[in-house]
Protein chains: 2
Amino acid sequence: MRTKESTKPTIKDVARQAGVSPTTVSYVLNNTRFVSPATEARIRAAIEDLSYQPDLIARSLRANRTLSVGMVVSDITNPFYADVVRGAEDFFSEQHYSLILCNTDESPENELASLQMLRSKKVDGLIIVATGQNIQQLDETSSGGLPIVLVDRRLPEDRLDTVIVDDEQGAFAVVNHLLEHGHTRIGMIKPLGGISTTDHRCQGYEKALRKFGLAPDPSLMINGYSTIKGGTAAALALLDLKPRPTAIFSANNLMSIGLYLAIKQRGLACPKDVAIVGFDDMVWFSVFSPGLTTVYQPSYELGKRAAQLLCQRICGGHTNTAPSLVELPSRLVIRESCGCGSNQANLFFS
Amino acid sequence: MRTKESTKPTIKDVARQAGVSPTTVSYVLNNTRFVSPATEARIRAAIEDLSYQPDLIARSLRANRTLSVGMVVSDITNPFYADVVRGAEDFFSEQHYSLILCNTDESPENELASLQMLRSKKVDGLIIVATGQNIQQLDETSSGGLPIVLVDRRLPEDRLDTVIVDDEQGAFAVVNHLLEHGHTRIGMIKPLGGISTTDHRCQGYEKALRKFGLAPDPSLMINGYSTIKGGTAAALALLDLKPRPTAIFSANNLMSIGLYLAIKQRGLACPKDVAIVGFDDMVWFSVFSPGLTTVYQPSYELGKRAAQLLCQRICGGHTNTAPSLVELPSRLVIRESCGCGSNQANLFFS
DNA sequence: CTGAAAGCGCTTACAG
DNA sequence: CTGAAAGCGCTTACAG
């Protein structure tokens with residue numbers, strides 16, 4: 001039974017209808033000082049009656065917080081980042097924060113533009129998969145009072161809160177597994193651009209090789225775009241080497257798919273002609289033929305933890321605490337692409 | 001060389017430093033009336049010098065638009081929706097709009113909460129994959145002046161702008177293809193809850209059957225959650241029928257993955273024991289074994305078109321135009337799971 | 001060619 | 001137990 005249909009009711013309308021001041025309405029809205037039960041009841045009735053919804057923009061301007069956070073990833077289309085975003089979103093929606101999503105496509109310019117936009121929109125905090133090319137701006141933003149949490153990738157000196165996965169350990173485990181199968185000529189395909197995840201996975205790869213007395217061979221480590229196509233291109237380069245590597249480690253989820261396509265394209269058999277392992281797991285990797293042996297990373301958890309950390313910075317007293325570095329454990333997932341159980345690997349489908 | 005480090009500069013600070021009024025600063029900021037080159041230069045210098053960034057919250061309150069839009073999907077973790085979101089985001093970021101992302105998990109309560117939040121945050125528009133359970137609220141919101149574009153799913157009577165895919169035609173084509181292989185006992189697994197996509201895909205399935213003189217058999221149509229697990233459960237029910245269907249149509253991308261897992265679990269061979277086809281394509285479906293024959297939908301384009309439509313409603317004169325219904329074409333993608341080329345289907349991997 | 005002033009819808013010291 | 005008033009940082013008629 002609303003009185004004025006034309007325009008959205010404001011706090012004044014509620015106040016008038018309840019016969020009180022906007023001040024008091026505000027206090028019951030925010031539950032921020034005692035109001036007599038009788039007036040509170042009248043106010044709530046008026047709110048209900050007018051279907052009043054507070055204007056969060058006005059509130060933000062006045063209260064200097066927006067209940068919005070920025071979420072900057074390279075590409076939401078990459079299932080890994082979709083999981084990370086979902087983990088963050090689930091946490092924040094519980095806290096009544098909303099998420100502004102930005103994709104950078106790994107472009108520092110896009111990243112900077114997103115950063116500026118988010119600052120202008122006065123988000124209360126920011127979670128970012130950093131390209132690594134705007135470190136100074138990130139630092140300035142953070143010391144300017146906007147909490148930032150890095151997720152998935154570290155930045156030099158760890159001056160910001162960071163949530164990552166134990167990339168080196170994960171890569172070590174999966175390459176070690178390949179080595180235990182007896183491989184000695186193991187190629188690696190990996191994203192270009194010095195991001196921490198790639199660096200650490202390389203270190204894990206090299207560490208595993210050295211454990212087996214092998215020297216890392218630069219000609220066996222091929223860079224490419226971290227896309228399916230990039231993976232195919234890098235993999236083809238590796239597959240066309242003479243002699244061909246007997247195994248390949250793909251350090252990126254989309255590149256792993258490209259690796260499968262490259263093997264198919266060259267008419268090779270996996271794991272017979274070339275064994276492969278990946279990094280990052282996706283449910284459907286088990287449906288691939290052969291199933292991909294890979295490193296599971298807790299992607300959803302990554303986003304959730306980042307969100308928790310950010311929330312502490314925003315709300316909590318963690319204002320002057322030193323930045324935390326949270327490292328989540330990865331886990332080796334053994335399927336058939338490495339050569340395990342390869343005799344029955346393809347019995348299911350004929 | 002900024003003068004005050006402590007607090008963010010406002011338009012007043014810029015005005016003072018340039019020796020003009022805030023009014024004039026605002027006009028050059030928005031490029032909205034002529035300002036003499038000399039003063040404009042002084043103002044721009046001041047902006048630069050102070051690294052002034054306008055407060056978009058204040059601007060929103062005053063100008064009554066936020067340059068934000070809401071994007072409500074069931075689950076960003078589903079690659080189909082990730083594509084849709086990306087299509088929308090790409091378009092909007094060009095227009096300097098930002099996207100607030102919400103996941104509903106198909107829950108009407110979550111959807112309603114998102115809707116209210118987005119209204120309170122005064123988004124300029126809204127793209128939504130509707131659950132179908134909040135039709136009235138959506139209508140009211142729209143007639144209350146907030147433009148809404150439905151994507152992926154229609155609502156009865158098409159009272160809102162809608163961008164969809166030709167689900168019926170797509171399903172018809174893929175089931176028709178199965179029928180041409182000679183199958184007469186074709187099961188279907190599909191999401192529960194009367195959403196338009198599922199309804200139309202069922203119609204396409206039934207239409208194809210009837211074209212071949214077959215009567216749709218309700219016991220061959222199994223509902224499930226539109227998840228991988230849901231797909232597995234529904235598929236197992238179908239595979240355990242006696243006699244077993246010789247082919248299965250999965251009407252949902254995640255359920256298709258579940259279908260593969262169910263076939264594997266029962267130790268059956270595809271397409272020999274049971275042929276399968278899906279709806280919605282993902283690049284990695286080609287890496288599955290056998291590759292999934294399915295219906296490609298232009299998911300990215302879906303999001304992009306929805307964004308365009310919304311933008312027209314927001315900015316353009318399309319205020320009182322009748323709602324448009326955009327139907328994008330799907331496309332049959334033939335791989336091996338239907339039985340095509342099955343003799344060489346698994347030569348690649350051994 | 002430019003400015004003074006009102007006001008967007010809230011919150012929050014201050015006061016009683 | 002409640003209110004009057006200032007003010008968050010902008011934009012935009014109105015005026016000259």
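Each chain gets a letter, A, B and so on, in the order its sequence line appears, and its residues count up from 1.
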Q. Any donor-acceptor pair under 3.5 Å linking the side chain of B/N134 with the backbone of B/Q137?
A. no
Q: Taking B/S26 for its side chain and B/P22 for its backbone only, find out whether a donor-acceptor pair lies under 3.5 Å.
A: no
Q: Decide yes or no for B/S74 and B/R153: does some side-chain heavy atom of the first lie under 4.5 Å from some side-chain heavy atom of the second?
A: yes
Q | Whole-Å gap separating P (D/dC1) and CZ (A/R42) | A | 14 Å
Q. Out of D/dC14, D/dG7, D/dT11, which nucleotide sits closest to the side chain of B/R33?
A. D/dC14
Q) Quick one: B/R59 CZ to D/dT12 C1', roughly how many Å, whole number? A) 13 Å
Q. Rounded to the nearest Å, what distance is computed from the CG atom of residue B/L67 to the P atom of nucleotide D/dC10?
A. 15 Å
Q: Give the stems involving DNA chain D, where a stem is 3 or more consecutive Watson-Crick or G-U wobble pairs (i with j, i+1 with j-1, and so on) under 3.5 Å.
A: C:1-3 with D:14-16, C:5-12 with D:5-12, C:14-16 with D:1-3
Q: Rounded off to whole Å, could you give me the NZ-to-P distance for the B/K121 and C/dC8 pair?
A: 23 Å
Q. 5'-most contact on DNA chain D: B/T24 or B/D55, nearest heavy atom basis?
A. B/D55
(Q) Both B/P22 and A/K12 contact DNA chain C. Taking the nearest nucleotide for each, which residue is further toward the 5' end? (A) B/P22
Q) Out of C/dC10, D/dC8, C/dC8, which has the shortest distance to the side chain of A/L61? A) D/dC8
(Q) Taking any heavy-atom pair under 4.0 Å as a contact, classify A/S26: base, sugar-phosphate, or nothing. (A) base
Q. Does B/T131 offer a backbone N or O that forms a donor-acceptor pair with the side chain of B/E111 under 3.5 Å?
A. yes
Q. Between B/D90 and B/K304, is the closest basic N to carboxylate O distance under 4.0 Å?
A. no
(Q) I need the CZ-P distance between B/R62 and C/dC8, as an integer number of Å. (A) 8 Å
Q | First encountered from the 5' end of DNA chain C, between A/L56 and B/V20 | A | B/V20
Q.
Under 4.0 Å, heavy atoms only, any strand: does B/N30 hit a base, just the sugar-phosphate, or nothing?
A. sugar-phosphate
Q: Answer whether the closest heavy-atom distance between the side chains of A/L138 and A/R159 falls below 4.5 Å.
A: no
Q: Using a 4.0 Å heavy-atom cut-off across all strands, classify B/T23 as base, sugar-phosphate, or nothing.
A: base
Q) In whole Å, what is the span from the CG atom of A/N31 to the C1' atom of C/dT12? A) 16 Å
Q: Using atom OH of A/Y27 as one end and atom C1' of D/dC1 as the other, report the distance to the nearest whole Å.
A: 12 Å
Q | Candidates D/dC10, C/dT12, C/dG3 - which lies nearest the side chain of B/S21 | A | C/dG3
Q.
Once you apply a heavy-atom cut-off of 4.0 Å, does A/T39 come out as touching a base, just sugar-phosphate, or nothing?
A. sugar-phosphate
Q | Cationic N near anionic O, under 4.0 Å, B/E40 to B/R44 | A | yes
**Q.** Ion pair check, B/D105 and A/R86, cut-off under 4.0 Å
**A.** yes
Q.
Whole angstroms only, please: what is the NZ-C1' distance between B/K8 and D/dG9?
A. 14 Å
